[in-house]
J.: 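First the structure, then my questions, so here it is.
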Amino acid sequence: MRIATWNINSIRARVDRAVDFLERADVDVLALQETKCKPEQFPFAPFEAAGYEVAAWGLNQWNGVAIASRVGLEDVREGFTAQPAFGKTGDPVVEARALGARCAGVDVWSLYVPHGRALDDPHYAYKLEWLEKLRLDAVGWLEVDPTAQVALLGDWNVAPFDTDVWDMAVFEGQTHVSAPERAAFNSFADAGYTEVSRQFIPDERRYTYWDYQQLRFPKNEVLRIDFAYTSPVLTGRVTGVTIDRDERKGKGASDHVPVILDLAD
DNA sequence: ATGGTCGACGCTCGA
């Protein structure tokens, strides 16, 4: 089985790329982030024509997560327990940043971790709380069933190592590289999860995100921020991980590329 | 040529 994660940066702008990718890469389950639409706007038909069921959650033009599967899609969960809310003005809202579903016995989570914006921005505290609450849930699932097969897939908006950014000098005092963010990210490993993309691709300069600004793709000014944590039993099934850099090429590319996990049957 | 991006509910916001 192959499962993948991809921050698609608008599913409506890139549905053809998404379905082409599923077929070309022979992917069974795809976790999508930044779909940027409500379910009633989601282009389900091309996925269904290709043989995939889709669960989608979105509240407005921001955020949005979805899971496409051709191996079953059960027990869909919008958000996790105690997922924090955020609102710059007005009442805080639980944003569409986490969607879970069971696909062929694997609890797949599509995660779009808050960006943080700046170290002194309320969004940064929100990001840290969001990760902590997710960790508590992830720990709880393994307490209930230590053999649970859980995949925490998505855009984590954290660069865990200095070599995950093209130039640390540029990131001095910025989000994505701060010690609290890195500690929050690493706490999932303390909880028994393994970040398998690093395990299988330990090489430096294997990036997943090239900002559109400042010609960062041709200049290779990039980040590694898309990751896949797997629970112990699922980690034992992972036979390989691929970062599909080619998906950043050409007209109409997302600014992120897919990360693909191969699982033994 | 010393700049240069996208996507969305877009005269602006978020990444």
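Every chain is numbered from 1 and lettered A, B, ... according to where its sequence line falls, protein lines coming before strand lines.
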J.: Determine the contact category for A:Lys38: base if any of its heavy atoms lies under 4.0 Å from a base atom, sugar-phosphate if only primed atoms, P, OP1 or OP2 are that close, otherwise nothing.
T.: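 A:Lys38: base contact, heavy atoms under 4.0 Å.
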J.: Go through it in stages, so that I can follow the logic: the residues are A:Phe171 and A:His176, the test is ring-ring contact (aromatic ring centres under 6.0 Å, His included), and I'd like the CA-CA distance, side-chain angles, deciding distance and then a yes or no.
T.: CA-CA 8 Å; A:Phe171 284 84; A:His176 293 59; 7.2 Å; no
J.: Figure out the OH/P separation between A:Tyr212 and B:dG7, and round it to whole Å.
T.: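 Nearest whole value for this atom pair: 6 Å.
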J.: Quick check: on DNA chain B, is the nucleotide nearest A:Asn9 upstream (toward 5') of the one nearest A:Asn157, or the reverse? Name the residue that is more 5'.
T.: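 Whichever sits nearer the 5' end wins; that is A:Asn9.
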J.: The side chain of A:His115 is closest to which nucleotide in this list: B:dG7, B:dG4, B:dA15?
T.: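 Selected nucleotide (nearest to the side chain): B:dA15.
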J.: Go through it in stages, so that I can follow the logic: the residues are A:Trp210 and A:Trp166, the test is ring-ring contact (aromatic ring centres under 6.0 Å, His included), and I'd like the CA-CA distance, side-chain angles, deciding distance and then a yes or no.
T.: CA-CA 10 Å; A:Trp210 290 257; A:Trp166 77 92; over 10 Å; no
J.: Side chain of A:Gln214, heavy atoms from C-beta onward: which of B:dG4, B:dA15, B:dG7 has the nearest atom to it?
T.: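 Ranking B:dG4, B:dA15, B:dG7 by closest atom to the A:Gln214 side chain puts B:dG4 first.
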J.: Closer than 3.5 angstrom, by distance alone: can the side chain of A:Thr175 be matched with the main-chain N or O of A:Ala118 as a donor-acceptor pair?
T.: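 Side chain of A:Thr175 to backbone of A:Ala118, a donor-acceptor pair under 3.5 Å: no, none is there.
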J.: Please check the phosphate of B:dC9 (OP1 and OP2 only) for any side-chain N or O of A:Gln41 closer than 4.0 Å.
T.: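 Answer is yes, contact under 4.0 Å.
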J.: Please state how far atom NZ in A:Lys251 lies from atom P in B:dT5, giving the value in whole angstrom units.
T.: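 Going from NZ in A:Lys251 over to P in B:dT5 covers 13 Å.
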J.: Parallel, tilted or perpendicular, judged at 30° and 60°: which one describes the rings of A:Phe188 and A:Trp156?
T.: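 If you compare the ring of A:Phe188 with that of A:Trp156, the planes turn out perpendicular.
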J.: 5'-most contact on DNA chain B: A:Asn63 or A:Ala253, nearest heavy atom basis?
T.: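 Nearest nucleotide further toward 5': that of A:Ala253.
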J.: What nucleotide, of B:dG4, B:dG7, B:dC6, holds the atom closest to the side chain of A:Ser10?
T.: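 Out of B:dG4, B:dG7, B:dC6, the nucleotide with an atom closest to A:Ser10's side chain is B:dG7.
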J.: In whole angstroms, how far is the C1' atom of B:dC6 from the CG atom of A:Leu215?
T.: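 Going from CG in A:Leu215 over to C1' in B:dC6 covers 13 Å.
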J.: Just to be sure I understand the rule, does A:Arg216 reach a base, reach only the sugar-phosphate, or reach nothing, if contact means heavy atoms closer than 4.0 Å?
T.: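 The answer is nothing, as A:Arg216 stays clear of every strand by at least 4.0 Å.
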J.: Is there a side-chain contact between A:Arg117 and the phosphate of B:dA15, meaning an N or O under 4.0 Å from OP1 or OP2?
T.: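 Answer is yes, contact under 4.0 Å.
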J.: Roughly how far apart, to the nearest Å, are B:dC6 and B:dG10 at atom C1'?
T.: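 About 12 Å, rounded to a whole number of Å.
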J.: Considering the options A:Tyr193, A:Trp141, A:Tyr229, which one meets the ring-ring contact (aromatic ring centres under 6.0 Å, His included) requirement together with A:Trp109?
T.: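 Result for ring-ring contact (aromatic ring centres under 6.0 Å, His included) with A:Trp109: A:Trp141.
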J.: Give a yes/no on whether any side-chain N or O of A:Arg248 is located under 4.0 angstrom from OP1 or OP2 of B:dC6.
T.: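 For B:dC6, neither OP1 nor OP2 has a side-chain N or O of A:Arg248 closer than 4.0 Å.
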J.: Of the options B:dC9, B:dG7, B:dA15, whose atoms approach the side-chain atoms of A:Gln61 most closely?
T.: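 Nearest listed nucleotide: B:dC9.
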J.: So what does A:Asn60 touch, heavy atoms closer than 4.0 Å: a base, only the sugar-phosphate, or nothing?
T.: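 Base, at least one base atom sits under 4.0 Å.
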J.: Would you kindly give the CG-to-P distance between A:Asp211 and B:dG4, to the nearest whole Å?
T.: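 Rounding to the nearest Å, CG of A:Asp211 and P of B:dG4 are 14 Å apart.
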J.: Does B:dC6 have OP1 or OP2 sitting under 4.0 Å from an N or O in the side chain of A:Arg14?
T.: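 It does not, given that no N or O in the side chain of A:Arg14 lies less than 4.0 Å from OP1 or OP2 of B:dC6.
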J.: Using residues 17-27 of chain A as the side-chain source, report each donor-acceptor pair under 3.5 Å to any protein atom, sequence neighbours left out, with the distance given to one decimal.
T.:
from	atom 1	to	atom 2	distance (Å)
A:Arg17	NE	A:Gly252	O	3.1
A:Arg17	NH1	A:Glu247	O	3.1
A:Arg17	NH1	A:Glu247	OE1	2.8
A:Arg17	NH2	A:Lys249	O	2.6
A:Arg17	NH2	A:Lys251	O	3.2
A:Arg24	NH1	A:Asp244	OD2	3.4
A:Arg24	NH2	A:Asp244	OD2	2.9
A:Arg24	NH2	A:Glu247	OE2	2.8
A:Asp26	OD1	A:Arg70	NH2	2.6

J.: Pick out which of A:Phe227, A:Tyr209, A:Tyr212, A:Phe217 makes a ring-ring contact (aromatic ring centres under 6.0 Å, His included) with A:His256.
T.: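 Among A:Phe227, A:Tyr209, A:Tyr212, A:Phe217, the one that satisfies the ring-ring contact (aromatic ring centres under 6.0 Å, His included) with A:His256 is A:Tyr209.
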J.: Which of residues 158-169 of chain A sit near DNA chain B, with a heavy atom under 4.0 Å from it?
T.: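 Of all residues in residues 158-169 of chain A, none places a heavy atom under 4.0 Å from DNA chain B.
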J.: Which whole-number value in Å describes the distance from A:Glu34 CD to B:dC13 P?
T.: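 To the nearest whole Å, that distance equals 18 Å.
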J.: Between B:dC13 and B:dC9, how far is it from one C1' atom to the other, in whole Å?
T.: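 The same atom, C1', in both gives a distance of 12 Å.
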J.: State, without any angle test, whether A:Glu129 and A:Tyr124 hold a side-chain donor-acceptor pair at a distance under 3.5 Å.
T.: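 A:Tyr124 and A:Glu129 do not have a side-chain donor-acceptor pair below 3.5 Å.
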J.: B:dT5 C1' sits how many Å from A:Phe217 CZ, rounded?
T.: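 My rounded result for the distance is 14 Å.
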J.: So what does A:Tyr209 touch, heavy atoms closer than 4.0 Å: a base, only the sugar-phosphate, or nothing?
T.: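 Nothing, no heavy atom under 4.0 Å.
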